[in-house]
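To find a chain, count down the sequence lines: A is the first, B the second, and so on, and within it residues start at 1.
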Amino acid sequence: MVALTFPDGARRDYPDNITGLDVAKGISPSLAKRTVAMVLDGQVADLADPIERNAKIEFLTREDARALELIRHDAAHVMAEAVQSLWPGTQVTIGPVIENGFYYDFFRNEPFTPEDLPVIEKRMREIIARDKPFTKEVWSREEAKRVFRDMGEQFKVELVDAIPEDQKIKIYNQGDWFDLCRGPHMTSTGKIGNAVKLMKVAGAYWRGDSRNPMLTRIYGTAFARQEELDAYLRQIEEAEKRDHRKLGREMDLFHFQEEGPGVVFWHAKGWTIFQELIAYMRRRLRGTYDEVNAPQMLDKSLWETSGHWGWFRENMFMAKSAGDETDDERIFAIKPMNCPGHIQIFKHGLKSYRDLPMRLAEFGVVHRYEPSGALHGLMRVRAFTQDDAHVFCTEQQMASECHRINELILSTYADFGFDEVVVKLSTRPEKRVGTDAMWDRAETIMTKVLGEIAERSDGRIKTGINPGEGAFYGPKFEYVLRDAIGRDWQCGTTQVDFNLPERFGAFYIDHDGAKKVPVMIHRAICGSMERFLGVLIEHYAGHFPLWLAPLQAVTATITSDADDYANEVIAAARRVGLRVEGDLRNEKINYKVREHSLAKVPVLLVVGKKEAAERLVSIRRLGREGQQVMPLDAALSALTDEAVAPDVRRMLKQAA
RNA sequence: GCCGGCUUAGCUCAGCUGGUAGAGCACCUGAUUUGUAAUCAGGAUGUCACAGGUUCGAAUCCUGUAGCCGGCACCA
């Protein structure tokens with residue numbers, strides 16, 4: 001006998017090994033019909049599974065949030081069947097559920113093209129309409145391997161071998177088609193429904209390893225209801241509208257061109273935002289950090305010492321004299337990081353324990369030869385500005401320095417409206433320098449700090465661990481922020497480094513007069529300023545807050561009678577520090593409003609005869625209808641107040 | 001770097017199976033002096049990414065290169 005407890009608290013006994021389906025049927029045929037799977041003690045399982053022990057049981061309908069994964073997983077299987085029925089000889093591999101849908105990787109000499117998607121989708125709908133039940137069988141390893149080998153499914157054979165010994169080899173049938181799968185699945189293909197859409201094709205390496213063959217991956221998504229699918233597609237459209245590459249062009253912020261793959265041409269407006277960002281960061285560093293500037297190019301020996309030449313040579317730019325006549329063959333590397341430079345500055349002159357912690361900051365431009373396929377607008381470039389800093393301190397100071405950095409990072413993100421932040425600790429990678437003892441020490445301290453970060457935030461900051469993701473010289477914290485439409489971006493990082501200072505022979509004189517190697521902490525807040533600005537463009541959808549907006553206001557005339565007054569308005573606004581342009585063209589006000597709205601100018605100061613006569617301005621805000629007429633002085637003081645950067649506002653408040 | 005796709009005017013895009021390039025917006029000129037998201041009329045606009053090849057003839061077909069886009073791999 002097994003005792004099952006139902007969601008309403010009722011408890012009933014059933015014969016051993018009764019299936020979920022029979023339990024459901026016993027309650028009511030309609031329940032059995034609409035149930036797609038069951039949940040035993042919180043674990044989703046096939047409805048046809050025999051129940052072997054006492055458990056809490058729940059029946060899932062396809063509308064249940066927990067069924068969404070099943071719908072997508074089933075859809076992946078149906079897609080695989082559709083593909084194999086359309087193109088026999090195609091090998092199947094794996095087809096997992098992912099965040100917004102699912103994919104299935106196929107091996108076929110002729111890769112799929114986007115034109116194939118509608119064809120596959122049509123076949124999928126036929127399979128779904130046939131509504132064949134999913135049934136499970138357990139096979140022996142030998143049988144599974146033999147069957148898949150006979151079918152020519154070599155990847156499946158490999159997968160069977162990869163399944164741990166203590167796990168069963170499960171096969172799911174859907175009509176005549178079957179697949180190796182750990183399950184669970186719904187009761188039949190018809191439960192998937194029709195809110196299914198194939199999204200794109202892409203290449204992907206077998207088992208994620210670039211040494212392995214390239215497979216064709218087909219991405220799709222599925223929802224319980226059509227409205228949800230439609231909403232998802234609209235959300236994708238919304239994200240496309242925010243694309244910083246598109247907004248960058250429309251707002252005249254920057255451009256790229258063929259001669260400079262992965263390097264940015266900043267236009268005046270984009271550079272204004274960039275400089276505002278840097279000015280903001282400089283204010284935040286004032287009093288705590290010393291800003292320095294290390295050379296752009298250094299002899300390669302320095303990079304050999306740091307280890308970069310060994311680990312990352314493929315990703316570095318090399319430079320030497322371009323002249324034919326010169327016999328100077330010295331090889332320089334264009335800096336991919338600021339740390340070796342900062343260590344040289346630390347090493348220059350004898351340092352005492354009294355000088356620590358020494359915090360050196362730099363808005364340094366670094367060059368990295370990123371693989372061509374990695375380049376992506378401002379998000380991944382080959383030359384970028386880091387808001388970088390290196391803290392040289394004692395081991396005892398390390399934890400408090402990490403906390404100081406943490407507070408700076410979190411408050412910076414908050415100033416841009418990023419309140420949801422996750423901090424992840426990345427631990428030692430396989431490719432690394434330094435002894436295990438060093439790594440043990442660093443990871444112990446950082447694990448403790450991570451716990452304290454979570455504690456001090458009252459649970460607002462989530463934390464996590466990325467095993468093996470650390471830098472080659474030390475473990476790191478990665479700061480992941482969530483933008484206005486829920487996308488995550490890794491920006492800030494704090495990396496503890498016991499290795500580089502030692503490799504470079506950096507030391508300070510301790511209390512006892514002995515030479516001691518300092519700990520170095522690498523930290524960045526925005527990370528790449530270019531990328532951070534890209535994130536901001538998408539986060540704000542181009543509607544920058546006034547303090548960041550490159551052009552804060554346009555003064556537009558209604559008739560040329562107001563030209564003189566408009567020029568006065570522009571001059572007055574510039575005097576109080578606003579970034580203002582005039583639009584005195586002989587055009588209708590509708591035209592001007594539309595044009596500046598499309599250019600995402602936050603404020604329009606419209607002046608006509610009436611305003612000119614009474615020294616008024618009619619203010620129209622971006623994205624809002626209607627306007628507010630007020631005296632010029634009042635308008636300018638309201639705008640200058642609004643244009644105060646959040647950190648400056650905080651300082652003013654504290655001073656008051 | 002790997003797989004696939006794309007590259008036509010400043011921008012967004014047409015251009016059927018090869019017959020010698022188009023639209024809208026933007027731009028320029030003129031008229032219009034306008035009250036909050038497109039005033040009217042006229043005009044100019046191209047090494048069809050680049051380099052080869054096939055062909056009587058290539059934006060169109062083939063090959064190579066570059067860049068971009070979507071993934072994968074990478075990200076000190």
Visitor: Tell me which pairs pass side chain to side chain donor-acceptor pair (under 3.5 Å) where either residue lies in residues 549-568 of chain A, with sequence neighbours left out.
Guide: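 Output for this query lists A:T557-A:K592, A:E568-A:R615.
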Visitor: In whole angstrom, give me the gap between the P atoms of B:rC11 and B:rA73.
Guide: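 Nearest-Å result for B:rC11 against B:rA73 at atom P: 33 Å.
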Visitor: Within the structure shown, what part of the strands sits under 4.0 Å from A:G208 by heavy-atom distance: base, sugar-phosphate, or nothing?
Guide: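 Answer is sugar-phosphate: A:G208 comes under 4.0 Å of backbone atoms only.
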Visitor: A:M199 has an atom CE; how far is it from atom P of B:rG71, in whole Å?
Guide: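 Between P of B:rG71 and CE of A:M199: 10 Å.
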Visitor: Please tell me whether A:E530 and A:T385 have a donor and an acceptor in their side chains that are separated by less than 3.5 angstrom.
Guide: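 Indeed, the side chains of A:E530 and A:T385 share at least one donor-acceptor pair under 3.5 Å.
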Visitor: What I want to check is whether the side chains of A:E153 and A:Q84 have a donor and an acceptor closer together than 3.5 Å.
Guide: yes
Visitor: How would you list all residue pairs meeting salt bridge (Lys or Arg N to Asp or Glu O under 4.0 Å) that involve residues 97-111 of chain A, not counting sequence neighbours?
Guide: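 Sorted result for residues 97-111 of chain A: A:D105-A:R217.
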Visitor: Who is the Watson-Crick or G-U wobble partner of B:rA58, with both distances under 3.5 Å?
Guide: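 Result: none.
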Visitor: Which whole number of Å gives the distance between the P atom of B:rG5 and that of B:rG24?
Guide: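 Roughly 33 Å separates the two P atoms.
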Visitor: Calculate the interatomic distance between A:H267 atom NE2 and B:rC11 atom P; express it in whole Å.
Guide: 12 Å
Visitor: Whole angstroms only, please: what is the CG-P distance between A:L375 and B:rC72?
Guide: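 Value for this atom pair: 16 Å.
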Visitor: With sequence neighbours left out, what residues match A:K246 under salt bridge (Lys or Arg N to Asp or Glu O under 4.0 Å)?
Guide: A:E250
Visitor: If we call it a pair only when both distances are under 3.5 Å in a Watson-Crick or G-U wobble match, what pairs with B:rC28?
Guide: B:rG42
Visitor: Does anything in residues 239-249 of chain A reach RNA chain B, meaning a heavy atom under 4.0 Å, and if so which residues?
Guide: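 The stretch gives A:R245, A:R249 as the residues lying under 4.0 Å from the strand, ordered by number.
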Visitor: Kindly compute the distance separating CE (A:M251) from CG (A:L551), expressed to the nearest 0.5 Å.
Guide: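 Here the rounded value is 9.5 Å.
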Visitor: Can you pull out every ring-ring contact (aromatic ring centres under 6.0 Å, His included) where at least one residue sits in residues 520-541 of chain A? Sequence neighbours excluded, please.
Guide: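 Every ring-ring contact (aromatic ring centres under 6.0 Å, His included) pair that includes a residue of residues 520-541 of chain A, provided the two are not neighbours, is A:H390-A:H522, A:F416-A:F532, A:F418-A:H539, A:Y473-A:H522, A:Y540-A:F544.
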Visitor: Starting the side chain at C-beta, find the nucleotide from B:rA76, B:rC72, B:rG67 nearest to A:H308.
Guide: B:rA76
Visitor: Look at all strands and tell whether A:D209 reaches a base, only sugar-phosphate, or nothing, counting heavy atoms closer than 4.0 Å.
Guide: nothing
Visitor: For a quick test of your reading: what N or O donor-acceptor pairs under 3.5 Å do the side chains of residues 425-436 of chain A make, sequence neighbours left out?
Guide:
from   : atom 1 : to     : atom 2 : distance (Å)
A:T427 : OG1    : A:G468 : N      : 3.0
A:R428 : NE     : A:E443 : OE1    : 3.3
A:R428 : NE     : A:E443 : OE2    : 3.1
A:R428 : NH1    : A:D440 : OD1    : 3.4
A:R428 : NH2    : A:D440 : OD1    : 2.7
A:R428 : NH2    : A:E443 : OE1    : 2.9
A:R432 : NH1    : A:P429 : O      : 2.8
A:R432 : NH2    : A:D436 : OD1    : 3.2
A:T435 : OG1    : A:M438 : N      : 3.2

Visitor: What distance, rounded to whole Å, do you find between the two C1' atoms, one in B:rU29 and one in B:rU45?
Guide: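 15 Å, rounded to whole Å.
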Visitor: Return no unless some side-chain N or O of A:H376 is found under 4.0 Å from OP1 or OP2 of B:rG70.
Guide: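 Yes, such a contact exists.
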Visitor: Which sits closer to the 5' end of RNA chain B, A:S210 or A:C339, going by the nucleotide each is nearest to?
Guide: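 Of the two residues, A:S210 wins.
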Visitor: Would you classify A:K476 as touching base, sugar-phosphate or nothing, given that sugar-phosphate means primed atoms plus P, OP1 and OP2, and contacts are heavy atoms under 4.0 Å?
Guide: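 Counting heavy atoms under 4.0 Å across all strands, the contact made by A:K476 is with sugar-phosphate only.
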Visitor: Can you tell me how far P of B:rC72 sits from CZ of A:R211, to the nearest Å?
Guide: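 The answer, rounded to whole Å, is 18 Å.
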Visitor: Base, sugar-phosphate or nothing for A:H596? Non-hydrogen atoms, less than 4.0 Å.
Guide: nothing
Visitor: Heavy atoms only, 4.0 Å cut-off, all strands: where does A:F256 land among base, sugar-phosphate and nothing?
Guide: nothing
Visitor: Measuring only the C1' atom in each nucleotide, how far is B:rA49 from B:rU7? A whole number of Å is fine.
Guide: 6 Å
Visitor: Using the C1' atom as the point on both nucleotides, what is the distance between B:rA59 and B:rU47, in whole Å?
Guide: 12 Å
Visitor: Please produce a list of atom pairs where a protein N or O lies less than 3.5 Å from an N or O of nucleotides 2-9 of chain B.
Guide:
from  : atom 1 : to     : atom 2 : distance (Å)
B:rC2 : O4'    : A:Y205 : OH     : 3.2
B:rC3 : O2     : A:G203 : N      : 3.3

Visitor: Mark up nucleotides 35-42 of chain B, 5' to 3', with B wherever a protein heavy atom is under 4.0 angstrom from a base atom, S wherever such an atom reaches only the sugar-phosphate, and - elsewhere.
Guide: BBBBB---
Visitor: Taking only the P atom of each, what is the distance from B:rC48 to B:rU20 in whole angstrom?
Guide: 15 Å
Visitor: Does any nucleotide pair with B:rC72 by Watson-Crick or G-U wobble geometry, both distances under 3.5 Å, and what is it?
Guide: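 By the stated definition (distances under 3.5 Å), B:rG1 pairs with B:rC72.
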Visitor: Using atom CE of A:M379 as one end and atom P of B:rC69 as the other, report the distance to the nearest whole Å.
Guide: 12 Å
Visitor: Can you tell me the Watson-Crick or wobble partner of B:rG67, both distances under 3.5 angstrom?
Guide: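 Answer to the pairing question: B:rC6, which forms a Watson-Crick or G-U pair with B:rG67.
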Visitor: For A:L378 and B:rC69, what is the distance between atoms CG and P respectively, to the nearest whole Å?
Guide: 11 Å
Visitor: Can you check salt bridge (charged side-chain N to carboxylate O under 4.0 Å, His left out) on A:K241 and A:E237, steps first, answer last?
Guide: CA-CA 6 Å; A:K241 277 190 217 146; A:E237 271 176 49; 5.5 Å; no
Visitor: Using a heavy-atom cut-off of under 4.0 Å over every strand shown, decide if A:Y103 touches base, sugar-phosphate, or nothing.
Guide: nothing
Visitor: If the P atom of B:rA58 is compared with that of B:rC13, how far apart are they to the nearest Å?
Guide: 28 Å
Visitor: Between B:rC74 atom C1' and A:K431 atom NZ, what is the distance in whole Å?
Guide: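 About 10 Å, once rounded to whole Å.
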Visitor: Distance check needed: B:rA76 P versus A:K335 NZ, whole Å only.
Guide: 18 Å
Visitor: Under 4.0 Å, heavy atoms only, any strand: does A:P336 hit a base, just the sugar-phosphate, or nothing?
Guide: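 Counting heavy atoms under 4.0 Å across all strands, the contact made by A:P336 includes a base.
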Visitor: Ring of A:Y289, cation from A:R523 - is the NZ or CZ under 6.0 Å from the centre and inside 45° of the axis?
Guide: yes
Visitor: Write out all pairs satisfying salt bridge (Lys or Arg N to Asp or Glu O under 4.0 Å) with one or both partners inside residues 295-313 of chain A, taking only residues at least two apart or from two chains.
Guide: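 Of all non-adjacent pairs touching residues 295-313 of chain A, those that pass salt bridge (Lys or Arg N to Asp or Glu O under 4.0 Å) are A:D299-A:R330, A:K300-A:E304.
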Visitor: With a cut-off of 3.5 Å and sequence neighbours excluded, list every side-chain donor-acceptor pair involving residues 260-271 of chain A.
Guide:
from   : atom 1 : to     : atom 2 : distance (Å)
A:H267 : ND1    : A:D252 : OD1    : 2.7
A:H267 : NE2    : A:H255 : ND1    : 2.7

Visitor: Hey, could you give me each pair passing salt bridge (Lys or Arg N to Asp or Glu O under 4.0 Å) that has a residue in residues 369-383 of chain A? Not counting sequence neighbours.
Guide: A:E370-A:R380
Visitor: Going by the ring-ring contact (aromatic ring centres under 6.0 Å, His included) test, which pairs reach into residues 364-385 of chain A, not counting sequence neighbours?
Guide: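 Every ring-ring contact (aromatic ring centres under 6.0 Å, His included) pair that includes a residue of residues 364-385 of chain A, provided the two are not neighbours, is A:F317-A:Y369.
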Visitor: Using the P atom as the reference point in each nucleotide, state the distance between B:rG64 and B:rG1 in Å, no decimals.
Guide: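 Here B:rG64 and B:rG1 have their P atoms 15 Å from each other.
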